[in-house]
> 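Before I ask anything, here is the structure I am working with.
Order of the sequence lines sets the chain letters (A, B, ...), proteins ahead of strands, with each chain counted from 1. Predicted, not measured: the structure shown is a model, and the values here were computed from it.
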Amino acid sequence: MPELPEVEVSRRGLEPFIAGRTVTAAVLRTPRLRNDIPEGLTALLPGLHLQAIHRRGKYLLFDFGCGQLLLHLGMSGSLRLVPPGTPPQKHDHFDLCFPDTVMRFRDPRRFGVLDWLEGLGQQHPLLNALGIEPLTDDFSGDWLYQATRARRAPIKPVLMDAHLIVGIGNIYASESLFLAGISPLRAACRIGRERCERLAGAVKETLAASIAAGGSSVRDYVHSDGGAGCFQLQCAVYDRAGTSCTHCGTPIRSTRQAGRSTYWCPCCQT
DNA sequence: AAATAATCCTGCGGGC
DNA sequence: TGCCCGCAGGATTATT
């Protein structure tokens, strides 16, 4: 389940091996994922020079100067580097081939996005409404405090609202709230300045720690051709309903918020 | 304006 | 053993 850390680790793992190279071929095996994939995509890519890979939220942007390839991993997507000639497996939808390696996109549930944006310095419409990047200095306790004053919904779904803050998925939302000692059920507007400060810090810490954990195994992640392709830190609360809180021993509780499972310690989180 | 529900899809685990 | 059901997840869209 790629959240921001997995996307960033993929970006860092891929860039040294394919940035600066020229595309030799592109192969598409699926006509649509979450979007209709543009008709001429595989024809226009060969010969283009990949300048850099950027990330915005959970989107990866492959920058060719004259245009960008936009890719979202959805909920089950992964990117790997495989040797040329490696036979594709089920759910391998797209290959971007370079002289000595192939970037292969696999996505069993097909919630991913693959699109092309022609032109220099354009911004894809899917990026227009995205919120703040949580790992930048702009995202602070003060920013979070101001941004949540009019939000009466529980803090957990608010944290996951990509129009407000990008990159925080279901797992890291629960984990960040645990670290900050804040109940996921608490109305966002009823969290004070000081606790917003703690929460912003907890979000940064949780995401950064996960990137660091993945970062140490980037090669394995991007180069492995099997396995879950998922490396999240040991979770303190997520998917631990009924087990003892690591801090106080109270049984972890779970519920559903806005259609998503939420986990928290009723003792440590208020 | 904000909050919620439905939607896309496949794999997997539980229950019978 | 195998089938059915529910659930998992991100983000868009539609609906209150």
Side-chain angles (χ1 to χ4, degrees), chain A residues 1-11 28-37 55-61 70-79 88-94 105-115 117 123-134 144 146-177 184-191 203 206-207 210 226-233 235 237-242 252 254-263:
Chain A
M1 317 134 213
E3 299 191 19
L4 187 150
E6 287 81 2
V7 177
E8 177 61 22
V9 168
S10 295
R11 190 193 71 76
L28 186 66
R29 305 183 187 86
T30 308
R32 75 164 282 126
L33 298 169
R34 202 176 85 210
N35 64 318
D36 288 317
I37 295 159
R55 179 187 60 77
R56 175 76 175 97
K58 295 175 189 167
Y59 290 92
L60 286 172
L61 304 160
L70 175 136
L71 195 146
H72 191 292
L73 298 176
M75 291 198 274
S76 59
S78 60
L79 288 167
Q89 297 179 30
K90 201 177 178 185
H91 308 307
D92 284 344
H93 305 302
F94 179 70
F105 177 50
R106 177 179 303 174
D107 182 11
R109 293 176 201 171
R110 287 192 267 151
F111 278 22
V113 170
L114 183 61
D115 204 3
L117 184 64
Q123 178 171 271
H124 194 283
L126 285 173
L127 308 182
N128 285 344
L130 291 183
I132 195 168
E133 288 283 342
L144 185 61
Q146 300 297 340
T148 51
R149 288 315 85 192
R151 305 293 291 256
R152 292 196 279 180
I155 182 63
K156 197 253 191 172
V158 170
L159 267 189
M160 292 176 62
D161 180 358
H163 299 103
L164 197 69
I165 310 163
V166 297
I168 306 175
N170 202 39
I171 296 169
Y172 295 124
S174 282
E175 293 298 309
S176 299
L177 285 163
L185 309 177
R186 177 170 292 273
C189 62
R190 294 196 55 245
I191 299 173
V203 166
T206 305
L207 296 178
S210 183
C230 231
F231 46 79
Q232 67 213 26
L233 288 182
C235 288
V237 290
Y238 182 81
D239 202 24
R240 291 200 56 220
I252 299 300
S254 71
T255 187
R256 287 185 82 76
Q257 293 182 287
R260 300 296 140 92
S261 56
T262 297
Y263 303 85

> So does A:Lys90 get a side-chain nitrogen or oxygen closer than 4.0 Å to the phosphate oxygens (OP1/OP2) of B:dT10?
no

> From the options B:dT10, B:dA3, C:dA8, select the nucleotide whose nearest atom is closest to the side chain of A:Ala153.
B:dA3

> Using heavy atoms to find the nearest nucleotide of DNA chain B for A:Arg34 and A:Ala150 separately, return the residue whose nucleotide is more 5′.
A:Ala150

> Looking for any heavy atom pair under 4.0 Å, which part of the strands does A:Gly259 touch: base, sugar-phosphate only, or nothing?
nothing

> Let me know the distance between CD of A:Glu6 and C1' of C:dG10, rounded to the nearest Å.
13 Å

> Rounded to whole Å, how long is the line connecting atom CG of A:Asp161 with atom P of C:dG10?
13 Å

> Does a side-chain N or O from A:His72 land closer than 4.0 Å to OP1 or OP2 of C:dA11, or not?
yes

> Taking the basic N atoms (NZ, or NE/NH1/NH2) and the acidic carboxylate oxygens, is any pair closer than 4.0 Å for A:Glu6 and A:Lys58?
no

> At 4.0 Å (heavy atoms only), tell me whether A:Arg32 reaches a base, stays on the sugar-phosphate, or touches nothing.
nothing

> Quickly, which of A:Asp115, A:Val113, A:Leu114 forms a side-chain contact (heavy atoms from CB on, under 4.5 Å) with A:Arg34? Name it, please.
A:Val113

> Do the side-chain N or O atoms of A:His91 get closer than 4.0 angstrom to the phosphate oxygens (OP1, OP2) of B:dG11?
yes

> Which part of the nucleic acid does A:Ala258 contact within heavy-atom distance under 4.0 Å: base, sugar-phosphate only, or nothing?
nothing

> Atom CG of A:Leu159 to atom P of B:dA3: distance rounded to whole Å?
13 Å

> Calculate the interatomic distance between A:Asp239 atom CG and C:dC7 atom P; express it in whole Å.
14 Å

> Can you check the A:Leu127 CG to C:dT12 P distance for me, whole Å?
10 Å

> Can you measure A:Leu33 atom CG to C:dA11 atom C1' for me and round it to whole angstrom units?
14 Å

> For A:Thr206 and A:Glu175, which I'm curious about, is there any donor-acceptor pair between the side chains at under 3.5 Å?
no

> Let's test your reading of the model: under 3.5 Å, does the base of C:dG10 pair with the side chain of A:Arg109 as donor and acceptor?
no

> Taking it one step at a time, do A:Leu60 and A:Leu70 satisfy side chain to side chain contact (heavy atoms under 4.5 Å, CB included)?
CA-CA 6 Å; A:Leu60 286 172; A:Leu70 175 136; over 6 Å; no

> I want to verify a distance call: between B:dG11, C:dG10, B:dA3, whose nearest atom is closest to the A:Arg152 side chain?
B:dA3

> Please test A:Tyr172 against A:Leu177 for side chain to side chain contact (heavy atoms under 4.5 Å, CB included), starting from the C-alpha separation and ending with a verdict.
CA-CA 8 Å; A:Tyr172 295 124; A:Leu177 285 163; over 6 Å; no

> Looking at C:dT12, C:dG10, C:dA8, which one has an atom nearest to any side-chain atom of A:Leu126?
C:dT12

> Starting from C1' on B:dA1, measure out to CZ on A:Arg149 and report it in whole angstrom.
17 Å

> Answer yes or no: does a side-chain N or O of A:Arg151 lie under 4.0 Å from OP1 or OP2 of B:dA3?
yes

> Among B:dC9, C:dA11, C:dA8, find the nucleotide with the atom closest to the side chain of A:Phe111.
B:dC9

> Round to the nearest Å and state the distance from A:Leu114 atom CG to C:dG10 atom P.
20 Å

> Has the side chain of A:Glu3 got a donor or acceptor atom that lies under 3.5 Å from a matching backbone atom of A:Gly169?
yes

